[in-house]
Every structure is written in structure tokens, then in C-alpha cells.
Amino acid sequence: MPVMEGKELRIVGFLCNWCSYGSADTAGVARAWQPTDLRIIRVPCSGRVDPLFIVKSLLNGADGVLVAGCHPRDCHYSAGNFYARRRLEVLKRFLPVLGINDARFEYTWISASEGQRWQQMVTSFTNRIHALGPAPRFENATPLPKVVGMALPPSSRPLGTGKNAPLDDLKQGIKEKLPDLECVIGWQRGYDGVHTAPLFMKIPEDVEKLVWGPFNVANPAVYLPKFKGKKVGIVVKGCDSRSVVELLQEHLVAREDVTIFALPCQGTLDMSRVKEKLGRYTVVDNVVCDETEVIITVDGKKHRLPMNDFAQVKCRLCTKPMAVFADTPLGESPEVEIATHVPPELALLDAMNLDERMAYWSGQITRCLRCYACRNACPMCVCRDYCVSDSRDPRWMTQEADVTQKLFFQAIHALHLAGRCTGCGECQRACPVGIPILALRQQIARTVEELFDDYRAGFDPAAVPPLLSYEVEEKSIREREWK
Amino acid sequence: MRIGVFICHCGSNIAGTVDCTKVAEIAKKFPDVVYTAEPMYTCAEPGQTAMEDAIHEYRLDGVVVASCSPRMHEATFRRTVERAGLNRYMFEMANIREHVSWIGKEKDANTNKAAELVEIAVAKLRNNRPLTAKTFDVTKKVLIAGGGVAGIQSALDCADGGVPVILVERESTIGGKMAKLDKTFPTVDCSACILGPKMVDVAQHPNITLHAYSEIEDVSGYVGNFSVKIRKLATYVDWEKCTGCGVCSEKCPSKKTPDAFNEFTGTTTAVSISFPQAIPKKAVINARHCRQLTKGKCGVCAKFCPTGAIDYAMQDSIVTEEVGCIIAATGYDLMDWTVYREYGGGAYPDVITSLQYERLLSSSGPTGGHLIRPSDGGEPQNVVFVQCVGSRDKSIGRPQCSAFCCMYTAKQAVLTKEHLPESQSYVFYMDIRAPGKMYDEFTRRAMEEYGVEYIRGRVSAIYPDGLGQYVVMGSDTLLGEPVEIKADLVVLAVGIEAARGTRALAEKLRISYDKSGFFMESHVKLKPVETNTAGVFLAGVCQGAKDIPASVAQGSAAAAKVMALFARDKLENNPQIAFVDLRRCVGCGKCIRCCPFGAIKEKDIRGETKAQVIETVCQGCGLCTSTCPQGAAQLSHATDNQILAEVNALCR
Amino acid sequence: MSAIRFVTSEGLPTFLARLSRNSRVLAPVVKDSPKPSVMFEPWRESMPVILKKATVPPKDAVLPQCESLFVYKKSKNADNPENVALHLDDTAHATPTVIFACRPCDARGFAVLDHPFLDGQFVDPYYKARRERLAVITITCSSGCNTCFCHWVGGGPTSPEGSDVLMTEIDDGFVLQSITDVGQKLLDATDLSDGKDAFPKVEAARKAAWTSLVPAPDIKKAPQNIAALFNRESFWQKHASSCLSCGACTYFCPSCYCFNITDEGDGFDKNGGRRLRSWDNCMSSLFTREASGHNPRTMKAIRMRNRISHKFSAYPRNWGNFSCSGCGRCIGNCPVCLDIRDIVQDAVAVADSDV
Amino acid sequence: MNYAYYPGCSTQGASTDYEKSTRAVCAALGMNLVELPEWNCCGSTPAHAVDTELSAALCVRNLDIAARQESETLLTPCPSCLSNLKHAAKRMQNPEARARVNELLDNPAASEFPAVTSVMQGMAAHLDAKEIASRTRKSLSALTFAPYYGCLMSRPAEIMKFGDPENPTLMESLLTACSATVLDFPLKTACCGASYGIPERSMTARLSARILQLATDMKVDAIVVACPLCQMNLDLRQPQAEKAADTRFAMPVLYFTQALGLAFGFSPDTLGLEKLRVSADSLLRKLGTGAANAAGSR
């Protein structure tokens, strides 16, 4: 059943059973005339409203979505609306990065007695949506052909190759602890000298294979949850350790089970840029590191790769080159200049208007093959075999290969990572077709920082993640200000 | 499925602005819909009978009624379909009256919207599953937290009704704030004289177990089956042996111990019994001031105790009580009035709280009822009462009225005149709130018979005049003039807030509280005693400011609620609760962290940690469902797939 | 005698324009992104074509990421709502397509796919329709690369298998050589100049390509050796320990063809109900999860065994050749640098040493 | 150390003694006051009541001069100036207000201004009590003071950042460092009535009288102030207050800088004590210092 063509727009309401649905009833009893666009879905509590329902609605043709719950402190279930407030506010600040106008989504509090207020709310929201007009849809967007190059942010510290890191001491340390451990996760030389692969050290001979340096790009924390309940060691860079902290926080590994080995990290290479620089080659002849550059000889040709130009962007913005904590830390953590630069992927989007962002995403996401490398490389994607993206119950997505499905998955991933993502960038690095999906997670991380006292994931295993808690009076959320 | 759709005309309520016939025609084309009807009044008996008949005749296994709000008749129709042999959850409603016909005048748009609401309902219903309630036993025992007058009343009423009562009191004696009062308004009768007998009844009632000097440590379980851990604080006196003779207190050399019972207007000994009528009348050692416990030498009380009850090595102990209901009657405390820097912020000895004044007036107080200035012991000539200190003051975030200050201020002014006939009292007030029986008459008497001067206005500052008195600056808003009064003693009617620790208790009980910390009742008007946690009830000021008679009444009301609940042998749960798909669950515990009711616990299943819903505790909010990233936690009757079906019906 | 034609670099757009008159022409194009990728896209006027190896092989042309096998619609008669009419459309839709400038490994992928979809007992009509309308113009590689190993598995930088036309770059342009009749017709229909004179240069270039390769090990025994290791879980565990179970290998493989079938929507929807066939990934746990919840391949080692065995043992036993064209995308794409070459070599060596 | 210095208009006329003593004491403490070149009125009383933006623009011009001087801190002795400068800086944080104010100015204002603070806070931040004590040449132990801050110095708390708005104690710490006895003066932040000095003189007299009365009752030697307007009301207009209260106060009212100056051993002339309407001779006698040249005569 379509909306009244040309007269109505598609507006979906999620109303809690106790207060806001009651207010709509009260408005009805008072014969308070309202526009006819709104279709109400009754839910027990605003806390039941998964932000993904809203994203799904908006991606699939809703022109506006309104969520209403009980006033703070009036929740029939004590705290449902407090959680909803945080999640919905995060969502509201997330939508624009996708290219969806956040004015198309609103959430509010209303009590069962406030029929008149409900009437005003529906009227003003409907008028607002009519003023915005029908929502543009991703499948109709003309893909943005050209992407402006991204400026590299200044580096927070001198980047280097880590050639002087006390690797031998580390190996010794691992050997000492190895007898008590199932295995120790690290890196070894990959299929050629410019690639490393994960290493699972079980016997002392394995330890000799351990390498340290700018090629150690992969985040070994991704393997930890599989070892739950077993004693395991892990060698980490600073960024990897933040993932370990998150896993500890979520009880997916126990502190007493994991032994953390750490060296200070001087940066790792952006392998896509390395690949571009080296071009197509057959054989790596030689790889030499001096303090600040990597010199790679392939097919007899020498290439100099200064770390300052070839390090991953996340290394330039890194504030934690050394592990958050470790059982055997070795070496000194370098001085880091704490400056807050917007990551370039996100800065690129910040500079665009909503239409451009929609066009950008529709252009980028089309080439997604749904291989889920992004998901599986993410150390925080702990659902693994039971991801909602490919389940039938619940059935959030179909197998269709269209833009909305592909983008919806990215929204699922990003929102499920809210307050948990440490920005390790593995999702984007793993993407074989180079879709700059990290920006979505970065926007949420930025929002979480703004809203919840500069909270950044992966620093405190005892912290309560902001989306799993609430304040009765939120300092940074001003949800009552819209009219 | 075979779905029947009933489009109710509701007389002309719906049919007036919705083309019901057209809606029914459209509904016929929805998937699985095999039958439609348009009853005039579906809720009326013929309507319900027709529905039952249709269910039989067309072998319907799901029903959609498009009519009024489900908040009106969902329960009615669920019973109807159940009578016809369907599970009550194989039913959905489309609200086409309150949400359509009553709020829109355009018939076309209304008809279209009504049909679409039916479509959503059908989409949802196609994903519904039959649900059944479970029954469970009830422990017919009640725990009452707080032994003030409200808690005492609840305890006595329950105990008289045959319900075993566990009464937990944080202080060493029950009696609460009322025990500290000298007299009560509007009759000016002795507080201790009317409360005392009730306290004694508590001590003597065979159905009441009293845990004084105890706190609630932890609450688990659910209505009918709560398990409460009570921390019995160390008294350092074996109460089994203590006879309350008071020898210990007489001999105690630590005589400068601050006297909390007397609101710190005087001092007491480190081992003491708070007041002569205390229940239980047992001594307690104040560990922070006891020489034996702080310095390791003294032992005087142990030496003199005739029964050998002193036990310096005593530790806190935990007792666990299994109860079916809990009444919270935790009362209030005065707010920290020292935020009023302009009143000296606590620096002036003769600017005191009304509760301190109450102790100064009381014959059991530190002065033996002799009204004197704390600073110099002189009799005050001019006494100024300032009302609304910390009440009705948005500037410090306390907009609420403390309800009983107007009355006790009048009482205290009257008592002042009775104690010191030469004195003159002044009352700065905002409005006089005296709505109770004989209340207004009482304040009038204060003014007219006792010559209390009432000045309508707030006090802007109090400061010592350098000559031994205080200047109280204020304004008389009736005259529109500033006023300054020289006072010997200033009594602040300090606003109240929920007793300290209330928020922590609320979290243990999983009930909510308002801005000032008072517990939230289930409904402001219609459920003032219930909370949103089944089996937890409220009595007294912990729910909001009220005076003694109102507290007593609510105490009795809470007792009645408990007894009504205990009248049943078995309780039934609501099947619209969460469940966990164990295969999907990774045991990350996010649902456990969020659940407002503690209704999810970790469970080890074949060596893996999984979440498990405690069916009797879950209230069905669905927060876990929107929290669980794997979609493992699902709320029955509002599963992801059910809501997605509705979303998909609207947006595609 | 095959047709041999010559086109200058500048002449390519005209050539492509000519081709796209009758067909959709899929040509490689760079997708702008922080990490650029090369994708096949329908050629349009002024689309800048790049002759690099594509990030994603053109498998999609015959086996789309997701396709509707059929669409059905239901309708009801208001007089009798129990009576539902069903209309089903299972037409196999296929557009005439030319793939331009894929690599020999990509083209060999089609040859691999053809066996199961066309040659067995059951012919897949959807595949067949597309395959029959497909022409493949392959550009030969001028050198090997770090992840390619086409010459291990029976191919090579100039291998013609699966191609209709082979195109080789020489200093001033490209020589196109038809391999099949389809290719011949395709070239005949163009107005490209004859390229026979330049063919010696082509031969030199092709030879140079071969000499650039690192010599290949002998993996002829792979089919039987891998089969011999079937029950050796430790072997597979060793090689799968770092696997993340994503589809960066299989979805980018020119010769992987596993799929899943799901039903979406409802006959009453505006768009009708759809039976979808979409790519599936044998490295995912879901691949073999049964409706009951039981899963014979919960362990990723066992899934890895399946992938390797299928490519290097089961498929060759059924069809003769490896179902791997050595393009190396699974190696280059793997987020954790898993190398299929290592596994195969190790399997050959380990099983040998057992004997 | 250099400090940008905004004297304000009072110091140029009615309270030159404040200016003299401020400069003398600052110099003694090693604070080099660099007067803002071409400073203008802060937009006090008339302007801010009539046009907030114009008044802000006046202040912003001064702030802008300070910003361009690249000073870290801007000091001003007058609480009224301080209040206006701080309010203007605060207002400029709002982009809309900034845009409107910029329109009134010749050039757009600097994006950030130096911190504005009172001379009193500047002194306390510059040297701690021990160091101030070490510079004392003449102990003030013979003297008992009532510190009086006036209404503006500490209010509104969130802008003025002067400690407890009802009970600031900074002046006490400076004076006690010089061994003076400083009483807890309950009316230290009460209003002296300055705003009504012109339209309703009787009210000013009544409010000032209350302050003077309390100080008299508390038997202090002098009231010590930090505000030119307060000083004027309590000192110059003391006769009016006396008339209103029907009593005689004869209460000297000193600037805190004058009190500190005495402790640092400056002569009464250097501190401008002769400008006081109520003579400070009684104090000077207690200290054993010679009387000011032309001490205010009654």
C-alpha cells in the first residue's frame, strides 16, 4: 500500500507502548487533527528501538522517522529511554556521514497525557519532512566519479622502521613464558620480503621466526577470542593493544589468560601505497631498513620508502605507540604529540554536502562484493559465524547485491562498533577493493568522543562502554531542544 | 496462515471518516488473509461472538482487529481469541480510531492509512508465535527497609495480617525522624508519646524480626521470590547479652562523641543508647570515637558491663532473608543547606536547622528542653524562622516543595513562645501551605494567639552584626520593602531530600528515582504505592515529601498491597519476555550490563559462557534485543523479525 | 588461420566504440579511492580504460554476484480471498557482452566454470545464456608478478584458454589475434588494420613474458597427494590457523563458483518474490550450516581443506585440470597473506615424504 | 615580568590614588605594568545598559589591542572594567555576536584574547604570600581591617572566577601576609549602592551606611576596598551615610593597594593617601608613620 501519491510522504514512527503511544491515543481522544503521513509501529520501550530499524527505514524509502519514548526518569522499565537517548543521539550524528539528512530523523520524549504536544510534534515533524521533500535514494544517486586526494595529517611523532627495537630481548621473553602458554601470536615473514603473515609460536624454534618492523600491519588481536579460556600470549603494537583492552572489557578474553608482549611501535606501512610505489614486480631482491626509511629492491630496481611518506595514516595520528599495558613491555615509548586531527578519510566527507556524500558512497560501495573481509579482519567483530548480516533469524539483510544492502551492512558494522571501535583500521585495510569504510567508524568514534566525555575505546578495560551505560542528565545531549 | 481481519466501524467513530468496506476489500488482498468482516462494535458481545464463530468457521489461526487503541481493548480481544481456541498472542490490533479516524478528516487519506495500518498488523501477525505464561510459587514473607513511622505501620499491619515481617533499620533504633521530634502538629502532642507504643509493638510482635543497625547489601530474585542479603553492622556489643542498662555509657570516658541522634547539637559517649525509648534498647559503640577501637587502650565499658556484652572484635555479618515482597520506607534526610553561602554556609553557630531546633526543644534533647542559643547558652529573645531553605528554589536545583515545613515552622514558633513567653518569633515564608485537616487553623493560631510575625518574602542574607546578634535581611513582598531583623537565633526550615543511600538502594531494588532521589511510584496518581518492579512497594517520604498521617496511611496501603499479592498461592509471568538463542550468543555480556532488571545472567553451557534470561524477572522492555549485536537476545512478541516485518511493510 | 589485427593505443577508443555498438563491453577502469582498485565496467564514450590487471576478475559477466533465478507474483481475488493466483517468470536474462582486456588467468577462469555449468549432467540455463553471448578479448601479460603463478597450474602469461581474442602490446600499439570463431567474427566485424607484419614482435614480447617468470615447481602430484592428506587435520590446521574465514579469496577468484540460493520478498510485494542465486564462500562457517543448526564444517581448517582439495584434487579428478588459474588474487587480497602456493607445495611435499 | 595594563577611567580622575598605589605596589612586587596604548572606555554603566553590542565592541577594542601586543595577561584594577572586559570576551565566543561586534569595529577582532584578570589576582598569581611577606618593610600587625570587595568583583562566579562569590578571601590573604588582622567581614560582597548614586541617593546612603555601621561595630581601623566606586561611596559620601544612619563613622576607607603600600614602606604621598576624604591619620599613627601631607580634613 503506497503513500497517497503526491500528498503524503513516508514517515515511520516508533512509539513506546507506555507513554508516547498513549499520548497519540490521548491526542486521538481529544480529536487533535494531525497530518495523515505518520505510520506508527508500537514497541514496548524506546530502548527496544534498535537504531538499525531507523537506518533500514531510511535506506529503504522512509522520508522521515520519528522515535518517541517516555520522558527521562518516566520509563516504564526504569532506564530504557536513557539507553535509547545515547544510541539515538549517536545515530543522529552518524546519518549525515552517509549522506542522509539528520533532520529526517528525530527522537523525543512525551508522556501519555501530552496529547496536545503529540499533535504539535507530529505536525511540526511532518511539516519539516514535507519541507525537505521526498528523501533521495542511494540507488538513484549518480556515483561521484572523482575523489579528491586526501591530505596526510602531520605525524604525531617521528616515524621510523623500528630497526633498533629490542627484538632479541622480546624473543627471549617469549621463550621464557612459552612453556606456560598455548601459543604466542605475532608476525613472521610472509610470501615475500615486503609482506608479513601472522605467526603462532608454539615451540622455541617458532620464536626465531618472529619479526618486528614496518611490515607488521595486521592486528593480531583478531585471533584472541578464539583462544578464550586458554593461556595465550600476544605481541602487540600500541594500536593492537587497544583492541586487546576492548576484548578484556567485553570479557571475551580474561586478563589472567593473556600475556601481552609489547615493543614501542614506530609506525607501519600503508601497503597499498607500497604496492603502488613498487608497481608490478616478480621478485623481491632485498629489503633493508635504516632508521627512517625502508629500501626495497625488486626485480633489480631500488625503491626508497621514507616512513614519513609511506606509513599508514593511523600511525601518523597514533597517540599510543606503546601498548596500553603489557606484561613484558620492552623499550621506551616515544614522545607523542597529542593533537586532534580529523582523519583524512573523514575530513574528505566533512568537506562534502549531503548529496555529495550520498553520491560518494553510492560510487564507492557498488564495488563491494560482500566478501566480509572488513568484518572478519575486525578484532571487535566478535559475532563471527553469527553475524546478523547473513542470518535469516533475525533477517536484517537479503543477499541482493544492491547499494542499499551493501551500505546497510556498513551501517550495521559501524553502529555495532559504536563506543567499541579503536580505529585500528583493519576493516579498510582488509577491503580488497579499497572502499574507504573506516570513515564511518571514525565518525561514530568522533561522536562518542563528543558526547561522552572524550571517551575513546581501548584504554581502560574496566571502563563501562558509553553505549552500555547512561547518565540521568546527559551533559552533551540536547535532545529536548527541537520543536 | 489463515488470518481473519475485522474492521470495526465503532458506530460512526471509525466509519464516519474511514471507508471500512474499502479497507476490508484491500485487506482481502493481503497475504494469508482469508476472511474479513466489518462489525459495528467488535468489542460488544455480538461482535466478540461473531469473531469466535468466524475463527471456528474459517479455521482462522490468526486475527487482526482494526479498531480502537490496543491500550483500550487488546486484553479484551486476546481473551476473545483465546475462548475460540487460539493462543492469545496470535492476535494483532491496528489502531484506526485514535490514530486515524479521530485525527484526520479526509476520508481518502484516512482509508488509505487505515488499510496500511492493517497491512502492518498482518505483516507482524505472520511472524507471531504462540506464547504461554509460566507459574511460580510465592514466599509469603515481606521485608521492610526502614523503621520510621511508615515502615513501622507497614510492619505492624502486615504482621497483624499474619505475614512474617523482616524489618531492616539502618540506625541502632527504629523510630526514624519522628522519634527526634518534640511535638507534632497540629495537635502539639508529644511525638515520642504517640510513636513509642508502636515501637514497642514492633519489638514484641511475634511476626516481626527486627534487624537494627543493618543495611541492605544485595537484592536478587523477583516478585514472590526475592533473596535479600542484609549486612548487620558491627555494634561491638553483643545484643543477645545487652540489657540496655546504660552502665557502659555512664562509664565511657570518651564524652565528646558527636551525637547524631541529637543532630549534633550536643555530645554523647562513644558507647551509647541513642535515646531512652530506643527500640531495640541496646548499646552501640561508635568505632570512630571509641578509645579502645581507635587507640587500642581503654576497655572501660567491657570492664563495667554487668553481662559481658562488649565485644571489640565484632565484625559485620551478613544474613540472607528469602521474601516475597519488599516495602521501601527509607524516609528522608535534610539537604546540605550550607550551599546557602549567604546564610553563612554553616559558619554561624546560632543559625541552625529545624531538626536541630526540634532537639533543643525536646526534653530528651541535649539541653533537657531548655531553649538556649548554641553559641553562648543564653535565652534567645528574637527567633527568626526562615522557610524554604532548599525547597522551591530553582537556583540550587531544588524546585520541589518539602510539604511539611510550613506546619512544623508554625509549631516551632508556637513552642518557642511557650518555652520563652518573652520571646518574639518571626517567620519568613513564601506561601503558607496548610491544606491538611486543622492545619490552616493552626497556622492562624500561631499568628493570632502566639503573636508570631509572618513576613512574606525570602531572606537574602544573614550575617553577624558584630555585637552578638544576627542581621536577617529579607524583603517583605506584601509591603514591597526590604526588611532587616536582628535575631538571636535563626532556624532554617531546610528542605528534604531522599535519605542518603537511596539511589544505591534503588539500583539494588531496580526501581527508579526522581531528581531529588525519591523513589518513583508506578503511576503518579493511580499507583502511588507500587513501583515498576513487581513486588516492591513504597511507603512514606522515600516516595515524596509527606507528613506523618500521610506516611502512616501509605504504610498501611503498602501493607495492603503485600497482603493482596500474598492472597494468591501462585504467580503467573508475562510471556512477552526475552529469550536467548544460545547458538548465536557469544557470551559478551552486553545484555547483562544493560538489563534494567538484572534479568539476564551468565550461564555455563557445555564450557561456553552464554546469557540466560531469568523468566520471572524479565519485564519485557527489549533493551537486550536492541543491544545484542548477534541478534541472539530476542524479545518475544517484539522480535527483530516481527518489527522488521512491520518496517518492511512500510519501507521497501 | 586466425585473424590478426593491429590497433594503435590512440585507436582503442574507436575500437571499443565499435564493439559496444552490438554488445555491452566490459573494460577495466580505475576506481578512485585511497586504495585504488581496477574494476570491469560497461564501457561508455570517453571512459578512461586502463590495461592493468583488474582487482576483481570479470567472472560477474557469467556468474553475477547475485541474480534472480525467477520472480513470482501472487494476486488474490477479493471475492474469494483463499484463491491465490501465481505468476512466475524464470527467463534467463543475458546481454551480449564483450570482455575487453582481461588477463589470461581471468579467461582461463571461464574455461574452469564451463565444465560444471555446461558439461555435466545438468546444464545451467542462466549460465549458458550468458556464456553463449560472451566474447573474451584477453591482453597477454608482459611479465609475471609476485603473487601470480599461472604457469604452475597449466597456464601462462600468454595462455589462450578461455579467450576468443588474444591481444599483445607491442611498442606502438596492440596486436589482436583471434583464437576462436567468435573471436574471428568479432575482429572481422571491425575495421582494424591487418597486424600480420607485427606478429614477430608479438612473439618476441610473449617470449619475454615467459622468461620473466620464476621457474615453477612440479605440482602434478597435487591431486593424489592432497587427497591422501584428507584426514590429516593437523596439516590443515597448520595452514588455516591465520585464516579469518572471509571471502577475500573466493569472491575474487576467477574460478570459484559456489553459490547460495535464497528466497526474498513475497509474491504480494510490489516487486514480487525473488529466488536469488548469490555467490557463497566455502571459507565461511555458514556455507555448510544446515537448517537444523548442525554444521559438518565448523572448523576453518576443514573449510580450508575443502577449498584446496576442490581446486587441486576434486575438480581435476572430475574435469582434468586444476580449478585454479594462478591469478594470485587470493594471495594478494588475503588480509593475513595466506599463500595458496605454500599449501599446495607443502601438501605435495608432506604427502610425498609419507610414502 | 610584563603585564598588559588597562587602567580604566576612574583611575584617571576620581581615584588617582588607586592608580598611584597600584603602580607603586606592582613595581615593588616586580610586576611591570605596560599600559595599553590608546585604550578607551570599557563601556561601563551607560553603554552596557543601552546597547550591549556597542559596549562589547568598546571592550573588544581594548582586548584586541592587548591581543596584538601578544600579552598573556591583561590586568585592570577596577572591578567594573574587569566585569565588562570579561563579559565582552565571553560574548565573543558566540560566532553571531562576534560577527555583529566585528561590524562595529574597524578591523575584525583577534580570534583569541589574553586572559583578563584583576590586579589583585594578578599580584596573588605573581607572588605567593610568603614572598609578599618577605617584601614587607612595615608590619601592619597594629591594624585591623574589614575587607570589602563590593558586589562586582566576584559575580557572576562563572565569569569572574574569583572564588566563592559570597565569600572571597583573596584580599585577606594579601593583607594577612603583611601581618594585618583581617576580620571575617560578613558584608564583604554586599552592595554599596553605587548604581543608584545619582538617581536615588538616599538608597545609596542607606546601603553604604549598613556597611560602615557593621565595620564600626566590628571595631576595625579601616575598610579596605578594591573598587573605585565602592571607595567613593564609602569615603567621599560617608557624610551622606552618616546622615542617613544618624551617626558618625569616621571610618577610613583604603584601597588594598594603599594598605599593601604602607606595609611595603611607601610614603603616604606615594600612595595618594591625602586624597582620602576620611583621614587615614589614625592608622598612620598606629603604624608610627608620618601623616599624609594634606590628609582629608573634616
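Numbered from 1 within each chain, the chains take letters A, B, ... in sequence-line order.
With a 4.5 Å cut-off on non-hydrogen atoms, C/Arg274 touches chain A through its side chain but not through its backbone. If you measure heavy-atom distances from C/Ser284 to chain A, you find no contacts under 4.5 Å at all. With a threshold of 4.5 angstrom between heavy atoms, C/Lys52 does not approach chain A through any atom at all. Neither the backbone nor the side chain of C/Pro64 comes within contact range of chain A; no heavy atom of the residue lies under 4.5 Å from a heavy atom of that chain. Residue contact with chain C, scored on non-hydrogen atoms closer than 4.5 Å, involves the side chain of A/Glu276 exclusively. With a threshold of 4.5 angstrom between heavy atoms, A/Val433 approaches chain C through its backbone and through its side chain. For A/Arg392, the part lying under 4.5 angstrom from a heavy atom of chain C is the side chain only. Residue contact with chain C, scored on non-hydrogen atoms closer than 4.5 Å, involves the backbone of A/Cys368 exclusively. At a 4.5 Å heavy-atom cutoff, the contact between C/Ser143 and chain A is made by backbone and side-chain atoms alike. Residue A/Arg375: no heavy atom, backbone or side chain, is found under 4.5 Å from chain C. For a residue to count as touching a neighbouring chain, one of its non-hydrogen atoms must lie under 4.5 Å from one of that chain's; by this rule A/Arg367 touches chain C with backbone and side chain alike. Proximity to chain C involves both the backbone and the side chain of A/Tyr281, based on heavy atoms less than 4.5 angstrom apart.
Rounding to the nearest 0.5 Å places SG of A/Cys431 at 9.0 Å from CG of C/Asn333. The CG atom of C/Leu276 lies 5.0 Å from the CD atom of A/Glu400; values are rounded to the nearest 0.5 Å. Taken from OG in C/Ser241 to NZ in A/Lys202, the straight-line distance is 6.0 Å, to the nearest 0.5 Å. Expressed to the nearest 0.5 Å, how far SG of C/Cys66 lies from CG of A/Asp402 amounts to 8.0 Å.
Taking the side chain as every heavy atom from C-beta outward, C/Asn146 and A/Val283 never approach each other to under 4.5 Å. The shortest distance between side-chain heavy atoms of A/Thr282 and C/Val214 falls below 4.5 Å. The shortest distance between side-chain heavy atoms of C/Cys148 and A/Arg280 falls below 4.5 Å. Looking at A/Gln364 and C/Ser33, their side chains come closer than 4.5 Å, going by heavy atoms from C-beta outward. Residues A/Arg395 and C/Glu264 meet the side-chain proximity criterion, which asks for heavy atoms closer than 4.5 Å.
Between C/Ser242 and A/Tyr223, the shortest heavy-atom contact is O-OH, 2.5 Å. Shortest non-hydrogen contact noted between C/Arg289 and A/Asp385 is NH2-O, 2.6 Å.
Ranked by heavy-atom pairs under 4.5 Å with chain C, the list A/Tyr360, A/Tyr372, A/Tyr191 is led by A/Tyr191.
In terms of modelled atom types and a separation under 3.5 Å, the side chain of A/Asn376 and the main chain of C/Ser245 share a donor-acceptor contact. Counting only distance, with no hydrogens or angles, the side chain of C/Gln65 and the backbone of A/Leu369 share a donor-acceptor pair below 3.5 Å. Remark: side-chain polar atoms of A/Ser272 are not paired, donor with acceptor, to backbone N or O of C/Lys35 under 3.5 angstrom.
Heavy-atom neighbours of chain A within the stretch residues 335-343 of chain C, taken at a separation under 4.5 angstrom, comprise C/Pro335, C/Val336, C/Cys337, C/Asp339, C/Arg341.
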